[in-house]
Amino acid sequence: MRVLVISDVHSNLAALQAVLEDAGQFDALWSLGDTVGYGPQPNECIATLCAYDHLYIAGNHDWGVLGKIPLDDFNGDARKANLWNREQLDAASLGYLEAAPEAIVEEKVTLAHGSPRYPIWEYLIYASVAKLSFDFFETKLCRVGHTHVPILFALSPDGGDCQASRLPEGEPLTLGQGRYIANPGSVGQPRDGDPRAAYMVIETDSMTLEHRRVAYDVEATQALMRKAGLPRRNISRLELGW
Ligand code: ZN
């Protein structure tokens, strides 16, 4: 089964549309949370995803707009953008976000926004921290988002060693004997120095992953953010990819 894996769309419709067009044919779509927050088009992003039979889970920004977590935990710009997103949401979008589970297992893959240990909040940036998470899921592969940085953590077959690596763009990698946690990066707000929208494709039969990027109309999203009065830093970071 060919699965398109996306995360952290963050209300950036231009980026989401570019990914959906660039991905080619896929049999399933998995979205790893943070569909809303930061960007200017939360309802449009949810409606676009809902045109596909897709699986999705909750992220911290999704819970933020629902009031399920206090916004004191967000930085000032993220909080302002989250409150603006909250005001825009229609009933269908609210229902969609309310229905999101924290973590799921599908096609022998675990899905969690932050980490399998703390699905909503934990950031998996370093291998030393990612290693602890392997005790909190059963499958060979776990998919996470949240950091907006594409990365692969590989646990050795004996469980003793965990290494982090960047997947080269456009070069499919078939997973080996160990266990893995993979992050597709962010569709709507990449933070690895590359402003193009990031996503991954998995072939679940062979457990092959491919990291992909696609340019989108950053200026169109920035113009909508300016019009909405969203925080300036969140607007400028889109063209930098940080
Ligand atoms: Zn995010």
Side-chain angles (χ1 to χ4, degrees), residues 4-23 26 29-52 54 56-66 74-75 77-90 92-94 96-97 100 113-114 144-150 169 183-201 211-242:
L4 168 57
V5 183
I6 60 173
S7 190
D8 298 272
V9 172
H10 284 300
S11 303
N12 188 338
L13 183 65
L16 176 60
Q17 285 173 332
V19 165
L20 290 167
E21 277 163 30
D22 188 64
F26 48 87
L29 169 60
W30 299 346
S31 178
L32 305 178
D34 277 6
T35 306
V36 301
Y38 291 122
Q41 292 180 288
N43 291 314
E44 292 86 343
C45 286
I46 290 172
T48 298
L49 288 175
C50 287
Y52 298 84
H54 71 288
Y56 65 104
I57 52 177
N60 52 313
H61 286 255
D62 304 324
W63 273 20
V65 295
L66 295 174
F74 286 59
N75 73 49
D77 286 341
R79 184 166 56 240
K80 272 183 221 155
N82 197 274
L83 287 169
W84 184 88
N85 269 252
R86 180 188 287 181
E87 285 163 16
Q88 315 308 312
L89 292 175
D90 60 27
S93 296
L94 286 168
Y96 173 89
L97 295 174
H113 179 66
V144 297
H146 196 38
T147 63
H148 299 205
V149 175
E169 182 185 340
N183 188 324
S186 169
V187 170
Q189 196 198 79
R191 291 180 194 161
D192 61 343
D194 182 343
R196 296 175 301 161
Y199 67 99
M200 273 193 197
V201 173
H211 167 52
R212 297 178 61 152
R213 304 301 279 250
V214 60
Y216 72 95
D217 192 345
V218 173
E219 283 175 21
T221 297
Q222 289 177 315
L224 289 172
M225 290 173 79
R226 250 178 246 119
K227 205 171 144 200
L230 285 161
R232 238 182 284 168
R233 182 172 165 271
N234 294 342
I235 298 172
S236 58
R237 72 189 299 178
L238 290 182
E239 74 212 38
L240 305 171
W242 287 112

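- The shortest non-hydrogen separation linking Leu32 to Ser7 is CB-OG, 3.4 Å.
- Here Tyr96 pairs with His54, Tyr56 under the ring-ring contact (aromatic ring centres under 6.0 Å, His included) rule; sequence neighbours left out.
- With rounding to the nearest 0.5 angstrom, the OG atom of Ser31 is 8.0 Å from the CD1 atom of Ile57.
- The shortest heavy-atom contact between Trp84 and Ala228 is CZ2-CB, 3.3 Å.
- For the residue pair Thr147 / Asn183, a side-chain donor-acceptor distance below 3.5 Å is found, with atom types taken as modelled.
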task: Show your working on side chain to side chain contact (heavy atoms under 4.5 Å, CB included) between Phe74 and Asn82 and close with a plain yes or no.
output: CA-CA 9 Å; Phe74 286 59; Asn82 197 274; 3.8 Å; yes

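- For the atom pair CG of Asp22 and OH of Tyr199, the computed distance is 3.5 Å after rounding to the nearest 0.5 Å.
- Donor-acceptor pairing under 3.5 Å is lacking for the side chains of His146 and Asp34.
- Heavy atoms only, all atoms of each residue included: Val9 and Cys45 are closest at CG1-SG, 3.8 Å.
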query: Are Tyr216 and Val187 close enough, and set up right, to give a side chain to side chain contact (heavy atoms under 4.5 Å, CB included), and what steps lead you there?
result: CA-CA 10 Å; Tyr216 72 95; Val187 170; over 6 Å; no

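- The shortest distance between side-chain heavy atoms of Gln41 and Leu224 falls below 4.5 Å.
- Within a 6.0 Å sphere centred on CD of Glu169, other residues, nucleotides and ligands contribute more than 12 heavy atoms.
- Between Ile6 atom CD1 and Leu4 atom CG the span is 6.0 Å, to the nearest 0.5 Å.
- Scanning for ring-ring contact (aromatic ring centres under 6.0 Å, His included) contacts around His10 gives Tyr38, His61, His148, with sequence neighbours left out.
- Nearest approach of Asn85 to Gly39, heavy atoms of both residues: ND2-O, 3.2 Å.
- Residue pairs meeting the side chain to side chain donor-acceptor pair (under 3.5 Å) criterion with at least one member in residues 223-236: none, sequence neighbours excluded.
- The distance from the CG atom of Leu29 to the CG atom of Leu20 is 6.5 Å, given to the nearest 0.5 Å.
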message: For Arg196 and Val214: C-alpha separation, side-chain torsions, deciding distance, then whether side chain to side chain contact (heavy atoms under 4.5 Å, CB included) applies.
response: CA-CA 5 Å; Arg196 296 175 301 161; Val214 60; 5.9 Å; no

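- You'll find the side chain of His113 stays beyond 4.5 Å of the side chain of Val144, heavy atoms only.
- The two atoms that bring Asn12 and Gly188 nearest to each other are ND2-O, 3.1 Å, heavy atoms only.
- Here Arg237 does not pair with Asp77 in a salt bridge; the nearest charged N to carboxylate O distance is not below 4.0 Å.
- Distance check: Arg191 CZ to Leu238 CG gives 10.5 Å after rounding to the nearest 0.5 Å.
- Between the side chain of Arg213 and the main chain of Pro195, no donor-acceptor pair closer than 3.5 Å is present.
- Formation of a donor-acceptor pair under 3.5 Å by the Asp62 side chain with backbone atoms of Gly59 is found in this model.
- For the pair Trp63 and Ala58, the tightest heavy-atom approach, listed with the atom from each and the gap, is NE1-CB, 3.3 Å.
- Side-chain atoms of Arg86 and Gln88 form no donor-acceptor pair, as typed in the model, at a separation below 3.5 Å.
- Taken from CG in Asp8 to OG1 in Thr35, the straight-line distance is 8.5 Å, to the nearest 0.5 Å.
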task: In sequence, state the C-alpha distance, the side-chain angles, and the governing distance for Leu89 and Leu97, and then conclude on side chain to side chain contact (heavy atoms under 4.5 Å, CB included).
output: CA-CA 10 Å; Leu89 292 175; Leu97 295 174; 3.8 Å; yes

